[in-house]
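To start, the structure under review is shown below, and the notes come after it.
Just so it is clear, the structure is predicted and the values come from calculations on it, not from any experiment. Throughout, protein chains are lettered first and strands after them, A, B, ... in sequence-line order, and every chain is numbered starting at 1.
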Number of protein chains: 2
Amino acid sequence: MTSELGRRAVEEASFGQRIADTLHLVQATLPVQRRMVHAGDAIYQVGQEFGSLYVVNSGLVKMVNLSSEGREQVVALHFRGDWLGLDGIAGGHYGCDAIAMDTGEVWSFRYEDLLQAALRTPALLSALHQAMSRQLARDHESLQSLCALPADARVAGFLHYWAQAMEKRGLRTDQISLRMTRAEIGNYLGMTLETVSRALSRMARGDVIRFVEKGRRDIHIPRVDALTAFMRQVATPVDARAFH
Amino acid sequence: MTSELGRRAVEEASFGQRIADTLHLVQATLPVQRRMVHAGDAIYQVGQEFGSLYVVNSGLVKMVNLSSEGREQVVALHFRGDWLGLDGIAGGHYGCDAIAMDTGEVWSFRYEDLLQAALRTPALLSALHQAMSRQLARDHESLQSLCALPADARVAGFLHYWAQAMEKRGLRTDQISLRMTRAEIGNYLGMTLETVSRALSRMARGDVIRFVEKGRRDIHIPRVDALTAFMRQVATPVDARAFH
DNA sequence: CGATGTCTTGAGCTCTGTCAACGGGCGTGG
DNA sequence: CCACGCCCGTTGACAGAGCTCAAGACATCG
């Protein structure tokens, strides 16, 4: 168990460096096209022919899946250093809309160019594989919390995830600024906006979080361990009885 | 819309061939280690050091995620032609347990060997990327249905997914043999075993499915379109009001 | 044949979705 | 400057989908 913790610590410490390395590497070895985006801008859209991959240099991007019945669903969030468009490789078309949620810069380059450049610079290929692999692991975590945790724990987990994402990128982690409406958060977490609001209110009452300013989007997290404690506390498992 | 349908038709038709091609390709260019597995066997386990990737040649494999609180969660199912272990590339350790659910054969090979061989045979790299990309897209679909669909529709969607997976692999699709208990299905779909049982009973009453034999694990699907119709019918969206 | 595990079905309760009302922030326009 | 509308967030009341608990039927295997 100690070796497990040790490994995690090393990973965390090197995480910010990994992001910076990836960005440098891509920039140095590929013909990258930079693009400023603002909240609401589409980086690519579902059905559009696949050709380019993207890396978020700054800002915040949501992946929106459109179901056959026309329902929209936020399936992932992406921060600095994350890759976009990976789910388009297989089908030849992007599988989601990628929508910027904040002002930022996104880099794009041709997938074909990446493969070419990877012959000279194997580290590029490694970076691509790690990005895809990380996203797979992340998706599995999402699925797990979505299946197994009640609403309050999911909201708490969401804040924790966000704080962790900020921390890994060297940003302040005590105060986070969600650039999402309650409806968007609820959509991402598989619940209604009212439930999100109630969960946040409960956490605020328990002093697990505090709202700063007038606007209710900036959230102060006094102690991260209080957040994780809250998560565990409300995590009355939906299926506590082991399924085997 | 017609071009969309046309594209899909072509993709479907070539799908079985793609699986066969991948298996041939891997076999021809890599030092593959074959292993017979039986229900319950672990192909790899969470935390184990990453090194090899796996391809299912036959049988059925579940990916089980173990949460920090000790809850188990089935996060994916894999059939012939699917790759396993991809989520281990990033962290250096596998992120899930891969458990066989049926007798079958799994091929394994070193990730390093794959990268080496890919220099001579670029198609290998393409196959890897497509496998990862497909899995990402699949995970997003899971997330979507988990968030947006009520229990009955999720169970119906599960059967549909299974039938489709069989069809893509050239197996009979009218009668499917779930090698999972109700508890496992419920775990995978984010509901209790009782809810799974009730959903199946309702479908059987509506003659959307039929139980064959005494055992209730073999399910006959008279008409797939009846299944999809049932899905749509019970898909009273959790969040019908657009979130924006 | 009993023992065990799985599946089904019922009854009650809880969580969370639904509907509704209200307040606050912000931009627009008078 | 204030009035107004609009969007967002909060909170309450209520209902319903699905979880929990429980009992019993069925299949498999020793």
Under 3.5 Å between N/O atoms: give me all the protein pairs with nucleotides 9-16 of chain D, atom names plus distance.
| unit_1 | atom_1 | unit_2 | atom_2 | d |
| --- | --- | --- | --- | --- |
| D:dG9 | OP1 | A:Arg217 | NE | 2.9 |
| D:dG9 | OP2 | A:Arg182 | N | 2.8 |
| D:dT10 | OP1 | A:Arg182 | NH2 | 3.3 |
| D:dT10 | OP1 | A:Arg216 | NE | 2.9 |
| D:dT10 | OP1 | A:Arg216 | NH2 | 3.2 |
| D:dT10 | OP2 | A:Arg182 | NE | 2.8 |
| D:dT10 | OP2 | A:Arg182 | NH2 | 3.4 |
| D:dT10 | OP2 | A:Ser197 | OG | 2.7 |
| D:dT10 | O5' | A:Ser197 | OG | 3.2 |
| D:dT11 | OP2 | A:Ser201 | OG | 2.6 |
| D:dG12 | N7 | A:Arg198 | NH1 | 2.9 |
| D:dG12 | O6 | A:Arg198 | NH2 | 3.2 |
| D:dA13 | N6 | A:Arg198 | NH2 | 3.4 |

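- A salt bridge links B:Asp82 with B:Arg169: the distance from a Lys NZ or Arg NE/NH1/NH2 to an Asp or Glu carboxylate oxygen falls below 4.0 Å.
- One finds the CG atom of A:Leu84 at 13.0 Å from the CH2 atom of A:Trp107 (value rounded to the nearest 0.5 Å).
- Applying the ring-ring contact (aromatic ring centres under 6.0 Å, His included) test to residues at least two apart or on different chains, the pairs with a partner in residues 53-75 of chain A are A:Tyr44-A:Tyr54.
- Ion pairing between a basic and an acidic side chain is recognised when a charged N comes within 4.0 Å of a carboxylate O; B:Asp152 and B:Arg154 show no such pairing.
- A donor-acceptor contact closer than 3.5 angstrom is absent between the side chains of A:Arg34 and A:Asn57.
- If you take CE of B:Met203 and C1' of C:dT9, they are 17 Å apart, rounded to a whole angstrom.
- When the C1' atom of C:dG10 is taken as reference, atom CZ of B:Arg202 falls 13 Å away, rounded to whole Å.
- A rotation axis mapping the C1' atoms of four pairs onto the next four is fitted at both ends of the helix from C:dC1-D:dG30 to C:dG30-D:dC1 over five pairs, and the angle between these axes is 30° to 10 degrees.
- Between B:Val74 and B:Leu77, the shortest heavy-atom contact is CG1-CD2, 4.1 Å.
- Across the protein-nucleic acid pair, A:Leu189 atom CG and C:dG17 atom P stand 11 Å apart, rounded to whole Å.
- Under the salt bridge (Lys or Arg N to Asp or Glu O under 4.0 Å) criterion, the residue pairs touching residues 131-140 of chain B are B:Arg138-B:Glu141, with sequence neighbours excluded.
- Judged purely by distance below 3.5 Å, without hydrogens or angles, the side chains of B:Asp87 and A:Ser133 never pair a donor atom with an acceptor atom.
- Neither side chain, A:Gln164 nor A:Trp162, offers a donor N or O lying under 3.5 Å from an acceptor on the other.
- Residue pairs satisfying the ring-ring contact (aromatic ring centres under 6.0 Å, His included) criterion with at least one member in residues 175-211 of chain A, sequence neighbours excluded, are listed as follows: A:Phe158-A:Tyr188.
- Residue B:Asp152 contributes atom CG, which lies 11 Å from atom P of D:dC19 at whole-angstrom precision.
- Taking CD of A:Glu184 as the reference point, atom CD1 of A:Ile99 lies at 10.0 Å (rounded to 0.5 Å).
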Find every protein N or O atom lying less than 3.5 Å from an N or O atom of nucleotides 23-28 of chain C, and list the pairs.
none

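- In this structure, B:Asn187 places its CG atom 12 Å from P of D:dC19, rounding to the nearest Å.
- Distance, B:Asp218 CG to D:dA27 C1': 13 Å, rounded to whole Å.
- One can place CE of B:Met191 at 12 Å from C1' of D:dC19, the figure rounded to the nearest angstrom.
- Rounded to a whole Å, the CD1 atom of B:Ile219 is 10 Å from the P atom of C:dC7.
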